[in-house]
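Step one of this worksheet: look at the structure below.
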There are 2 protein chains.
Amino acid sequence: MTAPSFPISEIVASRRPHRKDAARNYDALLAAAREAFAEHGAEASLEDIARRAGVGIGTLYRNFPTRRHLFESVYADEVNTLVRVAQEVAEQEPWEALTAWLDRFAGYMVTKRAVREALNDESEIFTACRDSMYAAGGPLFARAQEAGQVRRDMDFVDLLRMVSGITATAFDDDAQRDRVLSIALDGVRVSH
Amino acid sequence: MTAPSFPISEIVASRRPHRKDAARNYDALLAAAREAFAEHGAEASLEDIARRAGVGIGTLYRNFPTRRHLFESVYADEVNTLVRVAQEVAEQEPWEALTAWLDRFAGYMVTKRAVREALNDESEIFTACRDSMYAAGGPLFARAQEAGQVRRDMDFVDLLRMVSGITATAFDDDAQRDRVLSIALDGVRVSH
DNA sequence: GTTGAAGCGGAGGGTTGCCTCCGCTAGAGT
DNA sequence: ACTCTAGCGGAGGCAACCCTCCGCTTCAAC
């Protein structure tokens, strides 16, 4: 949990191709997949993803032989971003750093809820990415806890579950979501 | 919000048929649908539901002409139960009554998340049921708020969103879910 | 018991999505 | 410029699902 964060780009199964046109298609497919998964969930149609990316279905299958490959690639990409953000907020005050990171975490979780739903712990990539994310956010949590700002009878995973659960729900508007999230975080914070 | 709760059985679109075999099939279909929706979400296959119920696909369509009819019937059934529970807990202390009701609310929300997801506010049945549920739980919330046990800067809907969001998430075990939920509720309760 | 209508099941036609295969295209190295 | 191979797209076979339609079955009223 307190291990240093590490990049995971290298363990991603499907690699970006070298040729120029192929690389362009690869990127378009990944972007289309992220979009489609966010919109339709894990069941999004692969043919639709290929259509969105403006490539043939064959090209999709060449780059990502299975639906799982697509999930894993999108997921790995998101996690990399989350790791980077953890480094960026590291110099803020403990509680502020934690909530700032959670804010980003929430945003990315909304997008990739579909991916997580499909990648049951079976996947090596998934567990590696998850470990990497824990390694990035865990220290922020531990620091806030040691600073006496977070209650001791909960752990980092509890907090992530809480935040992702709340942010995954449909709200009337952003204000309501923020309000509810901050109320729940009041339960997390030690009343000073 | 403070209007008395009312039964909604009568406004359900599709009625239970009179003939013995038909009634049995109707019940079997509803049970199978609830199960299938809980398991596979709103996209559950209707042919699979008919299979589970042990009836032909034609029988399903006769009782529930559209997928929406099925959703509405399952949903109405759940809400009726929730209204009944609200009456049962009414005599407990404000905070205890509220959390006891929320506990049931959470249980039923897990099952019918799929139904809510599919029944966008368009449906008359849906809005009627939702109103009925608010009318049942709202007074419990108001009472706890007036007793000074619930913070004033949130409303009943905020609370329902919070609870349903958290309980809809996958947890490692029931203990973790209860722990996280109670932490979030600590944010809701006014520190005495 | 008879009877007629309410109810039944599933065949079948259409749609959509999954994945493979292969003849064509165009980028990259010489 | 030439080549040759990595890469391309989509036709096509298969499966699942949606929903309709209709001949057969079974309940229940008399």
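Bear in mind that the values here come from a model prediction, so they are computed numbers and not experimental data. Below, chains carry the letters A, B, ... as their sequence lines are ordered, and counting in each starts from 1.
- Between A/D77 and A/R34 there is a salt bridge, with a side-chain nitrogen of the basic residue lying less than 4.0 Å from a carboxylate oxygen of the acidic one.
- A salt bridge is defined here as a Lys NZ or Arg NE, NH1 or NH2 lying under 4.0 Å from an Asp or Glu carboxylate O, and A/D172 with B/R161 meets this definition.
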Letter by letter from the 5' end, nucleotides 25-30 of chain C scores (B base, S sugar-phosphate only, - none; protein heavy atoms under 4.0 Å) --SS--

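- Taking a 6.0 Å sphere around CD of A/E93, one finds it holds 12 or fewer heavy atoms contributed by other residues, nucleotides or ligands.
- Whole-Å rounding puts the A/L70 CG to C/dC18 C1' distance at 14 Å.
- Counting 5' to 3', DNA chain D first comes under 4.0 angstrom of a heavy atom of chain B and last does so at the ends given by D/dC17 to D/dA28.
- The salt bridge (charged side-chain N to carboxylate O under 4.0 Å, His left out) search around B/D186 returns A/R151, B/R189, not counting sequence neighbours.
- A salt bridge links B/R52 to B/D48: one of the charged nitrogens lies within less than 4.0 Å of a carboxylate oxygen.
- Backbone-only contact: A/R67 has heavy atoms under 4.0 Å from sugar-phosphate atoms and none from a base.
- A donor-acceptor distance shorter than 3.5 angstrom exists from the side chain of B/T167 to the backbone of B/V163, with no hydrogens or angles considered.
- Not counting sequence neighbours, the partners of B/A23 by the side chain to side chain contact (heavy atoms under 4.5 Å, CB included) test are B/R16.
- The closest donor-acceptor contact from the side chain of A/N63 to the backbone of A/L60 lies at 3.5 Å or more, if one exists at all.
- Atoms CG (B/L60) and P (C/dG7) sit 15 Å apart, rounded to a whole Å.
- DNA chain C lies under 4.0 Å from no heavy atom of any residue of residues 40-53 of chain B.
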Passes salt bridge (charged side-chain N to carboxylate O under 4.0 Å, His left out), B/D27 versus B/R24? Steps please. CA-CA 5 Å; B/D27 294 342; B/R24 200 173 341 122; over 6 Å; no

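- In terms of phosphate contacts, B/N25 brings a side-chain nitrogen or oxygen within less than 4.0 Å of OP1 or OP2 of C/dC8.
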Table please: side-chain donor-acceptor pairs of residues 96-106 of chain B below 3.5 Å, with sequence neighbours left out.
from, atom 1, to, atom 2, distance (Å)
B/T99, OG1, B/W95, O, 3.1
B/T99, OG1, B/E96, O, 3.2
B/W101, NE1, B/L82, O, 3.2

